[in-house]
Q: 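Before anything else, here's the structure in question.
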Amino acid sequence: MENQEKQYKRLIAALEGLELTESETSTLKWLSGWDYIAINDIISLFKKCRSER
């Protein structure tokens, strides 16, 4: 569970500055239970999308 909390914080940090809905936050909590490699890839995708704005 502790690892899931760390993963959640990493996901939220990658989306800093964006206003998230309850549903989006709930989905991020669910995703945070995935393995470390999957979370890294998701965060990488978030960062790529943000840099293309």
Side-chain angles (χ1 to χ4, degrees):
M1 190 65 138
E2 181 180 320
N3 189 48
Q4 188 170 355
E5 290 176 31
K6 288 179 184 177
Q7 298 289 61
Y8 177 72
K9 288 178 182 179
R10 291 180 64 221
L11 287 165
I12 291 295
L15 298 170
E16 184 178 354
L18 297 177
E19 191 172 323
L20 301 173
T21 66
E22 280 188 45
S23 177
E24 292 164 341
T25 301
S26 177
T27 299
L28 290 175
K29 286 179 183 176
W30 171 71
L31 284 174
S32 67
W34 291 16
D35 64 60
Y36 185 81
I37 294 170
I39 297 298
N40 282 347
D41 288 345
I42 292 167
I43 290 171
S44 176
L45 288 168
F46 288 164
K47 289 179 178 181
K48 285 179 183 180
C49 290
R50 292 188 76 157
S51 70
E52 291 183 14
R53 286 182 160 187

Q: Identify, with sequence neighbours excluded, every residue that meets side-chain contact (heavy atoms from CB on, under 4.5 Å) alongside Tyr36.
A: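 Applying side-chain contact (heavy atoms from CB on, under 4.5 Å) to Tyr36 gives Gln7, Arg10, Asn40.
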
Q: With sequence neighbours excluded, tell me which residues meet side-chain contact (heavy atoms from CB on, under 4.5 Å) with Lys29.
A: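 Per chain and number, Lys29 pairs via side-chain contact (heavy atoms from CB on, under 4.5 Å) with Tyr8, Thr25.
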
Q: Stepwise, does the side chain to side chain contact (heavy atoms under 4.5 Å, CB included) test hold for Glu24 with Leu15?
A: CA-CA 11 Å; Glu24 292 164 341; Leu15 298 170; over 6 Å; no

Q: Within the side chain of Glu5, is there an N or O that forms a donor-acceptor pair under 3.5 Å with the backbone of Glu2?
A: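 It does not hold such a pair.
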
Q: Distance from Phe46 atom CZ to Asp41 atom CG, nearest 0.5 Å?
A: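 One gets 11.5 Å once the value is rounded to the nearest 0.5 Å.
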
Q: For Ser23, enumerate each residue passing the side chain to side chain donor-acceptor pair (under 3.5 Å) test, keeping only those at least two apart in sequence or located in another chain.
A: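 Checked Ser23 against side chain to side chain donor-acceptor pair (under 3.5 Å); zero matches.
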
Q: What residues, two or more places apart in sequence or in another chain, satisfy side-chain contact (heavy atoms from CB on, under 4.5 Å) together with Trp34?
A: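 Once residues adjacent in sequence are excluded, the partners of Trp34 under the side-chain contact (heavy atoms from CB on, under 4.5 Å) criterion are Trp30, Leu31, Ala38, Ile39, Ile42.
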
Q: What closest approach, in Å, do Ile43 and Ala14 show between heavy atoms, and which atom pair accounts for it?
A: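 Answer, listing the atom of Ile43 first, then Ala14: CG2-CB, 3.9 Å.
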
Q: Can you tell me how far CG of Leu20 sits from OG of Ser26, rounded to the nearest 0.5 angstrom?
A: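 One gets 11.5 Å once the value is rounded to the nearest 0.5 Å.
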
